[in-house]
Amino acid sequence: MTTTTPQTVIAPAPARSATKAATVRRRKQGFQHGGWFVAPFLALFGLFVIWPVVRGLYLSFTDANISGEGASFIGLDNYREALQDDMLWDSLGHSAYFTLLVVPCITVMAFLLAMLAHHIERGKWLWRLCFFLPFLLPSTVAGNLWEWLFNPTAGMVNHVFGLDTAWLADKSYSMLAVVICTLWWTAGFSFLLYLAALQGIPAHLYEAAKLDGANAWHRMVHITLPMLRNITGLVIALQILASLQVFDQAVVMFDFGPGPEDSTRTFVQFTLEEGFTAYRVGYASATSIIFFVIIASVALARMWLLRNREEGAR
Amino acid sequence: MGRPGLNRRQLLAGASGLAVAGSLGFAAMGTGADALTSGADTRVRYWNLFSGGDGYNMISMLNDFRRGHPDIDVKDSTLQWGNPYYSKLAMTASGDRAPDLAVMHLGRIPGFAPGTLLDPWDVGLLAKYGVREEDFNQVLWKRATIDGKLYGLPLDIHVQLCFYRKDVLKKAGLLDGEGRMVPVTSTDEWFDVLKEAKKAAKKGVQTLGLNVQDLNIQWWMFVAFYTQLGGTWFSADRTEVTFDTDKATQVLEFLRKHVTDGYSAKGAKGAEQMVNGAPFTWEGNWSVPVFDTAKVPYGATPLPPVFGKEATHAESHAFVLPHQAERGGAANEGAHQLAAYIVKHARKWALGGHIPAYTPTLSSAAYRKMEPQSEYVSAMNHMATEPKAWFAGSTGLLGQRTGPIVMSASAGSASPEAAARRLKGALSQLLASKNPMDGRTAAQGGAVS
């Protein structure tokens with residue numbers, strides 16, 4: 001699930017000149033007209049997001065099994081157990097390790113690819129297509145493809161680089177293999193964001209800099225990178241949130257197993273196993289809530305950092 | 001749910017049939033005519049997890065049944081095997097939308113809450129359709145019985161086998177007079193055989209196609225060889241782990257040696273290697289259709305008794321009745337009838353390599369003539385199975401926890417001693433943990449007998 005769509009909310013700038021009364025009136029009118037438009041969305045959102053979350057929160061205080069029968073309230077027992085569960089911490093570590101590897105790599109890679117596609121004149125569309133195309137593949141296809149490429153005897157990776165590495169059977173390489181697959185598969189999305197941002201930089205800035213005698217390096221450092229700062233923040237934030245939830249490509253590459261020495265069992269996989277292999281729905285609900293809190297904290301921390309930075313810049 | 005109507009394709013087939021055949025009428029229309037003339041009053045919804053060659057054989061058997069029983073409409077659904085299948089089955093049974101009949105691995109029955117998620121078979125009704133306890137392998141029948149009630153009707157035994165390529169072994173001088181692999185009775189002999197076979201095999205293939213990366217295969221191999229050494233799992237009252245780490249270490253060292261001595265590559269798949277020329281593969285009997293289709297000259301024996309005693313890992317497919325609040329009536333009887341029919345006609349099922357659980361089929365001359373099935377049929381007399389506990393059974397919690405540990409030893413990232421200790425730890429943890437379905441541990445009788 002490394003393919004979440006951007007969720008940035010563009011807040012309208014407060015209308016400072018308007019009087020308070022006018023604002024209230026406009027809000028009321030806004031609701032009358034807009035309320036009906038958002039009602040279908042709100043209904044679906046409530047039914048498929050809010051209600052399951054509330055239900056999950058309730059289940060996390062019970063010992064419910066998959067049959068849904070005979071569950072009893074056990075208070076914080078699940079949470080207490082979760083905090084002492086080595087497998088939980090290991091899997092959280094694997095998800096974090098994956099995130100640490102993927103986020104910097106994908107950001108740099110997407111930027112470089114975007115620069116390349118932006119500046120190359122011949123066959124521009126071909127480059128864009130090549131870089132973006134893998135992103136359109138389903139995770140099962142991407143996972144299976146790389147499982148083949150990493151095959152130690154018949155795979156292309158070892159063949160091309162003259163290696164003898166058991167990528168998927170050796171715990172030192174297993175997570176790296178998932179990272180490589182993910183980079184190839186999902187970098188296209190961030191690449192597209194960067195490309196759009198690059199095209200949005202006004203050409204006259206570069207012209208003025210050239211007149212002032214700035215060379216390519218100066219133009220990059222003093223114009224391109226600062227102008228891309230916001231998009232870089234966005235790419236990093238989206239990648240962190242998506243990477244923490246890594247699941248499907250890892251599971252496909254390791255045939256639904258947890259990889260050598262459990263090295264690729266991610267947090268999502270751990271939760272899935274508790275709920276659907278061990279049938280402990282109550283416990284799996286508790287671990288989901290814990291994960292929800294972790295992800296929400298990361299998102300909030302990012303918002304807080306960003307706000308501080310903006311205020312600092314003002 | 002009403003009676004099934006004509007679907008679009010049947011309607012089109014019917015229309016074109018009429019147009020072409022004119023006065024010949026329904027008889028000329030193939031499937032369209034079948035649906036119209038079946039007049040089925042009973043609908044049996046049946047879930048299974050068979051894909052590939054097994055799926056093909058099962059559908060063919062269902063079609064045979066349909067032809068002979070036009071009054072019963074069989075609505076079959078094939079789902080992804082393993083945990084996705086079992087979680088769907090559990091949820092459908094708890095939501096009272098259970099199918100009338102389903103397939104399940106025998107080892108999973110104790111953990112599947114017999115009585116809550118599964119209904120017992122009506123043995124009298126089975127007898128009416130010609131299936132009786134005395135016609136089955138007793139080990140299987142006992143495994144399917146919980147608290148004196150039958151919860152699974154055994155269909156087959158499926159085992160891990162030692163497949164071999166006759167062309168390569170002939171070159172290596174490892175075939176006997178009848179063209180079968182020479183017997184092996186010790187680890188030294190086995191590695192000598194591998195050494196000779198490696199010389200005769202073409203370069204770039206594994207000598208033993210073994211999936212070091214597959215946690216199921218690794219665990220099943222461990223179960224087989226650990227049983228050959230006479231190893232046990234738990235005390236009879238299920239309060240103590242009797243797992244022997246010395247024996248386990250011996251097995252793990254044996255498995256690992258295949259990788260360290262260069263006979264198996266870590267990370268390569270098993271069965272496909274034999275198609276490419278590998279002399280040996282240790283795989284499930286479901287590879288039989290793969291090798292048949294690829295026209296590989298091959299034979300198959302039970303896993304070599306390298307530790308002296310014969311033992312081959314075995315699991316079973318069984319028919320179960322997922323729990324329905326109001327089970328009974330025509331659909332329930334139809335489910336009994338269908339299951340009995342398939343079990344009795346399992347010779348076609350044996351094409352997929354499985355050993356039929358129904359002994360009259362097993363002892364029939366037609367089955368005895370099947371190759372390589374007849375070569376490994378003895379495996380059913382020395383089945384190495386997982387312990388009968390709520391956490392055991394194919395792709396269950398036990399295998400999920402232990403498989404990666406065995407794998408770590410085979411692939412060389414953990415020492416066999418350390419892996420053996422961790423296996424014991426995993427077993428202790430599972431034995432002490434409560435079955436989420438009934439809140440009892442194995443020692444408290446939680447879904448075991």
Side-chain angles (χ1 to χ4, degrees), chain A residues 62-72 74 81 85-87 90 140 147-148 150-155 157-159 164-174 177 251 253-265 269-270 272-284, chain B residues 80 82-84 86-91 93-95 111-113 116-117 204-206 211-218 259 265-269 272-273 276 278 323 390-391 395-397 399-401 403-405 407-414 419 422 429-430 433-439:
Chain A
T62 70
D63 61 356
N65 63 40
I66 202 167
S67 79
E69 282 173 32
S72 51
I74 54 167
E81 185 185 339
D85 191 336
D86 289 343
M87 208 184 266
D90 285 347
T140 42
E147 192 184 339
W148 273 105
F150 282 126
N151 185 307
T153 48
V157 176
N158 276 0
H159 183 73
D164 191 24
T165 308
W167 289 92
L168 304 183
D170 191 331
K171 70 168 177 175
S172 333
Y173 299 101
S174 49
V251 159
M253 285 171 78
F254 294 92
D255 298 333
F256 287 84
E261 289 216 53
D262 297 352
S263 56
T264 59
R265 181 187 279 124
Q269 190 177 357
F270 164 78
L272 184 86
E273 283 176 13
E274 287 299 327
F276 292 100
T277 308
Y279 298 157
R280 299 182 65 199
V281 170
Y283 185 63
Chain B
Q80 164 84 36
N83 277 313
Y86 286 116
S87 46
K88 282 191 191 84
L89 198 59
M91 285 191 284
S94 68
F112 220 74
T116 309
L117 294 183
V205 293
Q206 302 187 64
N211 199 336
V212 178
Q213 204 181 307
D214 184 311
L215 63 95
N216 290 316
I217 294 269
Q218 287 295 304
V259 177
K266 27 177 202 174
K269 301 267 166 156
E272 71 215 24
Q273 289 275 319
N276 295 339
H323 176 64
W390 67 265
F391 44 78
T395 68
L397 202 51
Q400 186 108 28
R401 295 274 189 273
I405 304 176
M407 198 166 90
S408 68
S410 301
S413 56
R422 281 164 54 195
Q429 212 179 6
L430 283 171
S433 60
K434 287 177 185 160
N435 181 353
M437 290 299 194
D438 62 10

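Naming convention: chains lettered A, B, ... in sequence-line order (proteins, then strands); numbering from 1 in each chain. Worth saying up front: this structure is predicted, and the values here are computed from it rather than measured.
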Looking only at heavy atoms and a cut-off of under 4.5 Å, which of Glu273(A), Lys171(A), Glu147(A) has the most pairs with chain B? Glu273(A)

Backbone of Ser172(A) reached by a side-chain donor or acceptor of Asp170(A) within 3.5 Å: yes

Is it the side chain or the backbone of Thr395(B) that comes within 4.5 Å of chain A heavy atoms, both, or neither? backbone

Between Ala93(B) and chain A, which part of the residue has a heavy atom less than 4.5 Å away: side chain, backbone, both or neither? neither

Structural part of Phe256(A) lying under 4.5 Å from a heavy atom of chain B: backbone

Can you tell if the side chain of Asp90(A) reaches within under 4.5 Å of the side chain of Asp262(A), non-hydrogen atoms only? no

Any idea which of Pro152(A), Gly155(A), Gly275(A), Ala169(A) has the most non-hydrogen atom pairs under 4.5 angstrom with chain B? Pro152(A)

Counting heavy-atom pairs under 4.5 Å to chain A, which of Met407(B), His323(B), Lys434(B) comes out on top? Met407(B)

In terms of heavy-atom proximity below 4.5 Å to chain A, should Gln273(B) be classed as side chain, backbone, both, or neither? side chain

OH on Tyr279(A) to CZ on Phe391(B), rounded to 0.5 Å: 14.5 Å

Max heavy-atom pairs within cutoff under 4.5 Å with chain A, candidates Ser87(B), Ala419(B), Pro84(B), goes to Ser87(B)

Under 4.5 Å from any heavy atom of chain A, what part of Ile405(B) do you find: side chain, backbone, both or neither? neither

Taking Asp214(B) for the side chain and Ile217(B) for the main chain, is one N or O donor matched with an acceptor at less than 3.5 Å? yes

Would you say the side-chain atoms of Gln218(B) pair up with the backbone N or O of Pro404(B), donor to acceptor, closer than 3.5 Å? no

Parallel, tilted or perpendicular, judged at 30° and 60°: which one describes the rings of Phe270(A) and Tyr283(A)? perpendicular

To the nearest 0.5 Å, tell me how far Leu215(B) CG sits from Arg401(B) CZ. 11.5 Å

